[in-house]
Amino acid sequence: MIRLAVVLAAGLAGCASTTPSPTDHEIHGSGPSTVVLSSGYSMPRSTWQTVADELAADHTVFMHDRPGYGNQPDTDRPRDPCTIASDLRAALRTAGLRPPYLLVGHSIGGLYQYTFARLFPREVSGVVLLDPTHPRNWATLQSSQPVLAAAMKAMVSLQPRQALRDEFRQQVGCLDRLDALPAPAAPTHLVFSRRHRELEKDYAPALETLQADWPALAGAPATEIVTTILWDSGHHIQTERPDAVARAVRTLTRQAGTSSAATPEVRVGTRAERVVAIGRSRQQEVRSMLGQPDEVHQDGGRTIWVYRAPGIRVPMAASLIPVLGDLADLVELAQSAVERHESIIEFDAQGVVRHARRRAVQD
């Protein structure tokens, strides 16, 4: 049984605060393609800043806070996905940005962007979804993890922001309407993380089954759907791998970005740092430096090795908040977490390093 301790400290909304802004949105760049960024549950628009900075050179980037996010006031309007998508459409027009839009959404923001594409398909040029919340996610969570689902509901009832409580409670409020509409059929890039926290690992198989359903939901021809698996990222892909997000956007806008190219050399290792050369180092060399990996995964022609360091306990008063698409951020753990480092190294079919990253993890 998972023991959950809820800490409200300064309130759950405190985790979503950001630098006060006189408006609910920002526009960066002035490129020919308009990219619209939508955040996950309780996450402010500032989580997209690195992505926006990268794309602003050749795109127009719109990032916004929904009601109840950051310093934005609550609203009495419904918070179901259809209303939120319609509100976003109105905000874009008020900002003077005309379609078509390339929609990018993270977690439940991905569900909202999918809903937008379903409601207004002629206004969408493409969709990038980062660990999107599946329309059946809540039903699946309730049936497969009832204890966690009940804890989540109890926690949200203590959320001081009305708009956030309403978003959670109305997350499936209009989705039955979408079934009667054609699938979006816009070119789609799906990006899924695979570094699951301990708290979510029991739910991970069900989550990955739902993820496998997304190409069918997108409705685009198979030649216009790209799926990327990030073995070195947790749920917050836009902050952990902003380069992958920018690359996904450029895949759809057919622009060859250069700033997201792989770093020639990367420091890895869990006990002592070592350097691997992208495009040069091979499996035998990496094994001689780091030893046998703790995990090995096969993903098509890629081989992924994971090295983990022993964890240390660190105090954590309140660092996790509910994110509907991912149980890693389901609850706030009251007393402590385990902090460790891991290195993820990806090899191509010839055994050459193509990507490597060292990251800190709290479980």
**Student:** If the threshold is 4.0 Å, N to carboxylate O, is there a salt bridge linking Arg194 and Asp232?
**Tutor:** no

**Student:** Got more than 12 heavy atoms from elsewhere within 6.0 Å of CG, Asp179?
**Tutor:** yes

**Student:** For Trp214 together with Phe192, are the ring centres under 6.0 Å from each other?
**Tutor:** no

**Student:** Determine whether a donor-acceptor pair (N or O, by modelled atom type, separation under 3.5 Å) exists between the side chain of Asp348 and the backbone of Gly351.
**Tutor:** yes

**Student:** In terms of heavy-atom contacts, does CZ of Arg122 have more than 12 from other residues, nucleotides or ligands at under 6.0 Å?
**Tutor:** no

**Student:** Between the main-chain N or O of Gly291 and the side-chain N or O of Tyr307, is there a donor-acceptor pair closer than 3.5 Å?
**Tutor:** yes

**Student:** A cation-pi test, strictly: NZ or CZ of Arg89 under 6.0 Å from the centre of the six-membered ring of Phe116 and no more than 45 degrees from its axis. Yes or no?
**Tutor:** no

**Student:** Ignoring hydrogens and angles, tell me if any N or O in the side chain of Gln113 forms a donor-acceptor pair with the backbone of Val104 under 3.5 Å.
**Tutor:** yes

**Student:** For Gly31, is there any backbone N or O sitting under 3.5 Å from a side-chain donor or acceptor partner on Thr60?
**Tutor:** yes

**Student:** What distance separates Leu92 CG from Phe120 CZ, expressed to the nearest 0.5 Å?
**Tutor:** 10.5 Å

**Student:** With side-chain hydrogen bond (donor to acceptor under 3.5 Å, both in side chains) as the criterion, how do Arg66 and Gln72 come out once you've worked through the C-alpha distance, each side chain's angles and the decisive distance to 0.1 Å?
**Tutor:** CA-CA 7 Å; Arg66 297 189 291 274; Gln72 300 308 312; over 6 Å; no

**Student:** Evaluate Thr303 against Gln298 for side-chain hydrogen bond (donor to acceptor under 3.5 Å, both in side chains), listing each step before the verdict.
**Tutor:** CA-CA 5 Å; Thr303 301; Gln298 294 295 142; 3.1 Å; yes

**Student:** Among side-chain atoms of Asp80 and Thr83, is any donor-acceptor pair under 3.5 angstrom?
**Tutor:** yes

**Student:** State which residue, out of Ser193, Ser233, Ser107, fulfils the side-chain hydrogen bond (donor to acceptor under 3.5 Å, both in side chains) condition with Asp131.
**Tutor:** Ser193

**Student:** For Arg93, give me all partners under salt bridge (Lys or Arg N to Asp or Glu O under 4.0 Å), at least two apart in sequence or on another chain.
**Tutor:** Glu123

**Student:** Taking Ala139's backbone N and O only, do any of them form a donor-acceptor pair with Ser143's side chain (distance below 3.5 Å, no angle check)?
**Tutor:** yes

**Student:** Is the side chain of Gln171 donor-acceptor paired with the backbone N or O of Phe168 at a distance under 3.5 Å, no angle test?
**Tutor:** yes

**Student:** What I want to find out is whether Arg79 reaches Asp87 closely enough, with some N-O distance under 4.0 Å, to be called a salt bridge.
**Tutor:** yes

**Student:** Would you say the ring centers of His235 and His196 fall short of 6.0 Å from each other?
**Tutor:** no

**Student:** Please confirm whether the backbone N or O of Pro184 pairs with a side-chain atom of Arg118, one donor and one acceptor, at under 3.5 Å?
**Tutor:** no

**Student:** Please assess Tyr69 against Asp74 for the test side-chain hydrogen bond (donor to acceptor under 3.5 Å, both in side chains), listing each intermediate value before the final yes or no.
**Tutor:** CA-CA 8 Å; Tyr69 286 62; Asp74 286 327; over 6 Å; no

**Student:** Should Arg195 and Glu240 count as an ion pair when the cut-off is N to O under 4.0 Å?
**Tutor:** no

**Student:** Could you walk me through whether His355 and Arg241 pass side-chain hydrogen bond (donor to acceptor under 3.5 Å, both in side chains), step by step?
**Tutor:** CA-CA 12 Å; His355 180 78; Arg241 289 293 309 277; 3.2 Å; yes

**Student:** Looking at side-chain heavy atoms only, is the closest gap between Val245 and Val191 below 4.5 Å?
**Tutor:** no

**Student:** Within the side chain of Thr228, is there an N or O that forms a donor-acceptor pair under 3.5 Å with the backbone of Val226?
**Tutor:** no

**Student:** Do Glu167 and Arg161 meet the salt-bridge criterion of a basic N to acidic O distance under 4.0 Å?
**Tutor:** no

**Student:** Ignoring hydrogens and angles, tell me if any N or O in the side chain of Tyr112 forms a donor-acceptor pair with the backbone of His106 under 3.5 Å.
**Tutor:** no

**Student:** Looking at the rings of His28 and His59, which for Trp means the six-membered one, are their centres under 6.0 Å apart?
**Tutor:** no

**Student:** Using only atom types and a distance under 3.5 Å, with no angle test, would you say the side chain of Asp65 pairs donor to acceptor with the backbone of Asp24?
**Tutor:** no

**Student:** Looking at Glu346 and Arg354, does any basic side-chain N land under 4.0 Å from a carboxylate oxygen?
**Tutor:** no

